[in-house]
Amino acid sequence: MTAEPTKDILEERLGRLTPADIRKAVETFRAALGHQGAADLNACVHCGLCADTCHYALTSDEPENPPAYKVNLVMAVFKRYFTRLGRTVPGWVGARELDETLTREWVDVLFGRCSLCGRCNLNCSVGLNITALITAARAALTAIGLIPPELQSTITTAYTTGNNMGIAQNDWVETVQWLEEELQAETGDPTARMPLDLHGARMLYTVNPREPKFFPLSLLAAGKVFYAAGESWTLATDYYDVTNYGLYSGEAPVAGELSDRLVRTVERLGCQELILGECGHGFNANRWAAPEWLSKRYPFRVRSVLELLAEYIRDGRITLDPSKHTEPVTLHDPCNLVRLGGVVEAQRFVLRHAVQQFVEMTPNREKNFCCGGGGGQLAMTRYAQRRLQAGRIKADQIGATAAKVVATPCHNCMDQLSELNKEYKLGVAIKTVCELVAEALVLPAQ
Amino acid sequence: MAGLDPLRLAVLAAAAWCLAALVFQTVRAYRFGRHEIHSAAAGVSLKGIAYAFGPGMMPWGKESAARHLPTYLTGIGYHGAVFAALGYLVTVMSRVALPAEWRIPLTAVFAAGAAGGIGLLVKRAVKPVLRSISCPDDFAANVLVDLLLAAAIASLWIPGADTVLLATAALLFLYIPLGKIRHCFFFFYSRILFGIFFGRRGVLPPRPRESQP
């Protein structure tokens, strides 16, 4: 299966590469690798054992799919420009010039056949951080304009408008106000709030812009839970987008700026905590990567909303009635939140309190399979067929649980799972964890 | 330096070159950029490192090992034999005579290792996926190490074959920093970073199932 468009902006750019572009790409690549990347590329033994840990390789025999092949493409450039033998006898060590042919292959393979899920990292014989290596190569491509334009457009929209869906501020504010009225109606409490820019609130809550745009009830669910817990919280009128596709382009300055906006908002509103809504890559970006992009230690705590929900339950701040969900519910672990993020048990703890039958997928937790929607794949529509094909592993996993509901704490995963639901006729409902909690919530008596 | 003939001196010189070159490569790797870590840890790096070198290397800790158990076990045997051969090389270098009853067990270890090495070589040559990611260096590295194991066996049984072992060892040490065998050093570097990455994020070691968050 090859990428469909043959002559687009990307192709035109590929045809106009200059030696200066290549130099810039190599320099960017070097900087993005860092010492870990350099060590990893010196350590790889080409054993190929990572092949069948990758959902792309497991669902297609194409030789470009195994992680080892992808690493080899990256390593070829490393050897050519940064090792003695690679410079003198490139053929002996598999070193290659970053020319138009290899650049084209980098784009197709490193953007188009990897969701940066990190499953190969965990299973690598040596322990290479393969996602970091591929991200470094993506950074080099992005630096010379060789990022698929659909992914770049998502980043540009977030950068220029403040959120990746380009939602105008008045639309956002009106949506929140409407949801506040809904919350008041649902709780029967006219004082129930969906606060905006509440100075001194304990926590700032951030959301995936898909929520106000397409899934407002998801945001309402969070509001309902915070109301029940008596939380002091706020949304921000300007910067509320938890997503950060800069994580996938490797463009650290842009990614850093996107995350820094949230940091500045927390500081502006005087909050003590930044709570990241249900978004896998948003969690990885803002919890783990951003402090490194910004070279900054945060003076406030950063947590996933799942950790907060677990805390509410543990501390008795909310009460749930699991009989509201009698059908079997399974859980999809977003890679960036679980394997690369470390939030593993909170969502399970929450679901065991919110539903009657919680069924694990196999494998699960840090060993989960990617749904196929990560790495910017959902944005890069040119690779949609590959994405759906790679998602077969996840579809099979879901089918094996016989669950009727799939919970997933990530809107990106939700979109991909919804497509898999149709493609593989799974017949399941897909919900966020917050939605399931809100549905099981026993509201305090007025 | 009494007792050091030219061949033994050559081995020592090659080993010194190897060590110096690996140190140089480490410094070069560092120069790619090393940054202070700013994100607040959610787990313990040291626990991650301990896991990385312990349960994380086992088939039950690593799906790739479990799925490829014969290859995994062959690799373990191969590397074990290489380290044993290097240990034996030290005795040859220092002219320490091993007890005669060690000859058969050592031969078995080296032969098993060499057979494993040849098996991995054949696998690399035959399997399309492996062939597509291989270069001459991959084959040369394997052959060099197999030769070391064969020379070690010869040295155990054939009087005067020590010279073959010493020459092979010198060649191997010269080549290590140049080709993929440098993973013998960088494996530890990468594995430690792997442990730190997953350890401080609280991913590894895996927490007890059903534990409270």
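Numbered from 1 within each chain, the chains take letters A, B, ... in sequence-line order.
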> Below 4.5 Å, heavy atoms only, C-beta onward: do A:R119 and A:H55 meet side chain to side chain?
Replying inline: no
Under 4.5 Å to a heavy atom of chain B? For A:L41 that would be neither
Under 4.5 Å to a heavy atom of chain A? For B:R182 that would be both
Test ring-ring contact (aromatic ring centres under 6.0 Å, His included) on A:H353 and A:F349; report intermediate values, then the result. CA-CA 7 Å; A:H353 285 80; A:F349 179 78; 4.7 Å; yes
With a 4.0 Å cut-off, would you call A:E105 and A:R96 a salt bridge? yes
Step by step, work out the side-chain contact (heavy atoms from CB on, under 4.5 Å) result for A:C54 and A:K70. CA-CA 11 Å; A:C54 169; A:K70 298 164 193 168; 3.9 Å; yes
Cut-off 4.5 Å, heavy atoms of chain B, and the answer for A:D61 is neither
Bottom line for B:F139: the part with an atom under 4.5 Å from chain A's heavy atoms is neither
Cut-off 4.5 Å, heavy atoms of chain B, and the answer for A:V338 is backbone
Honestly, the part of A:N284 sitting under 4.5 Å from a heavy atom of chain B is side chain
* To do: Verify side-chain contact (heavy atoms from CB on, under 4.5 Å) between A:N364 and A:L331, making sure each step is shown before the conclusion.
  => CA-CA 9 Å; A:N364 55 56; A:L331 171 70; over 6 Å; no
Ranking B:T71, B:L178, B:V129, B:I133 by heavy-atom pairs under 4.5 Å to chain A gives rank one to B:I133
Cut-off 4.5 Å, heavy atoms of chain B, and the answer for A:N123 is both
Among residues 20-29 of chain B, residues within the sub-4.5 Å heavy-atom range of chain A, in order of number, are B:R28, B:A29
Applying a strict 4.5 Å limit to non-hydrogen atoms, the region of B:S132 in contact with chain A is both
Per side-chain contact (heavy atoms from CB on, under 4.5 Å), A:E278 is matched among A:P409, A:S304, A:P334 by A:P409
Compare all side-chain heavy atoms of A:R303 with those of A:L308 and state whether any distance is below 4.5 angstrom. yes
Greatest number of non-hydrogen atom pairs under 4.5 angstrom with chain A, of B:A65, B:G56, B:A52, B:A40, falls to B:A40
>> Is there a side-chain contact (heavy atoms from CB on, under 4.5 Å) between A:W288 and B:R200? Walk through the geometry before answering.
In response: CA-CA 10 Å; A:W288 294 109; B:R200 71 186 309 278; 3.6 Å; yes
Looking only at A:S125, A:G91, A:P63, A:C44, the option with the highest number of non-hydrogen pairs under 4.5 Å against chain B is A:S125
If one checks every heavy atom of B:R124 against chain A at 4.5 Å, the contacting part turns out to be side chain
One option among A:N121, A:N72, A:N65 has the most heavy-atom pairs under 4.5 Å with chain B, and it is A:N72
Problem - Centroid separation B:Y30 to A:H35 less than 6.0 Å - result: yes
Per-residue tally against chain A (heavy atom, under 4.5 Å) across B:H183, B:E36, B:H38, B:R34 peaks at B:H38
- Item | is_close_aromatic(B:F198, B:Y51), centroid dist under 6.0 Å | no
The interface call for B:K127 against chain A, heavy-atom contacts under 4.5 Å, is neither
On a heavy-atom basis, the closest approach of B:I181 and B:A141 is CG1-CB, 3.5 Å
Margin query: Is the shortest side-chain heavy-atom distance between A:L85 and B:D137 below 4.5 Å?
Written below: no
*asked:* Does any part of the side chain of A:F369, heavy atoms only, come nearer than 4.5 Å to the side chain of A:P363, both counted from C-beta?
replied: yes
*Atom CZ of A:R84: over 12 foreign heavy atoms under 6.0 Å*: no
Check your understanding: Do the side chains of A:F283 and A:L306 get nearer than 4.5 Å, heavy atoms only?
Key -> no
Residues 185-194 of chain B vs chain A, non-hydrogen distance cutoff under 4.5 Å, contacting residues -> B:F186, B:F187, B:Y189, B:S190, B:R191, B:L193, B:F194
- Query: A:V437 and A:Y312: side-chain contact (heavy atoms from CB on, under 4.5 Å), yes or no, with the steps?
  - Reply: CA-CA 11 Å; A:V437 168; A:Y312 289 163; over 6 Å; no
Max heavy-atom pairs within cutoff under 4.5 Å with chain B, candidates A:T83, A:L33, A:L340, goes to A:L340
Cut-off 4.5 Å, heavy atoms of chain B, and the answer for A:C47 is backbone
Does B:S39 form a side-chain hydrogen bond (donor to acceptor under 3.5 Å, both in side chains) with B:R201? I'd like the steps, not just the answer. CA-CA 9 Å; B:S39 56; B:R201 291 189 181 209; over 6 Å; no
Rounding to 0.5 Å, atoms CD1 (B:I37) and CZ (B:F197) come to a distance of 10.0 Å
Check: Taking the side chain as C-beta and beyond, is there a heavy-atom pair between B:W17 and B:I176 under 4.5 Å?
Finding: no
Whatever's closer than 4.5 Å to a heavy atom in chain B on A:R348 counts as neither
Assert top hit (heavy-atom pairs under 4.5 Å, partner chain B, pool A:G341, A:A95, A:S295) equals A:S295
Whatever's closer than 4.5 Å to a heavy atom in chain B on A:L122 counts as both
Cut-off 4.5 Å, heavy atoms of chain B, and the answer for A:D52 is both
Turns out that what part of B:A42 lies under 4.5 Å from chain A's heavy atoms comes down to both
B:L148 and B:A85 have their tightest heavy-atom pair at CD2-CB, 4.1 Å
Under 4.5 Å to a heavy atom of chain B? For A:F78 that would be side chain
_Close side-chain approach of B:R207 and A:R365, heavy atoms under 4.5 Å_ = no
Per-residue tally against chain B (heavy atom, under 4.5 Å) across A:A31, A:C50, A:C124 peaks at A:C124
Cut-off 4.5 Å, heavy atoms of chain A, and the answer for B:L130 is side chain
**Item:** Lys/Arg N to Asp/Glu carboxylate O, B:D138 vs B:K180, below 4.0 Å
**Value:** yes
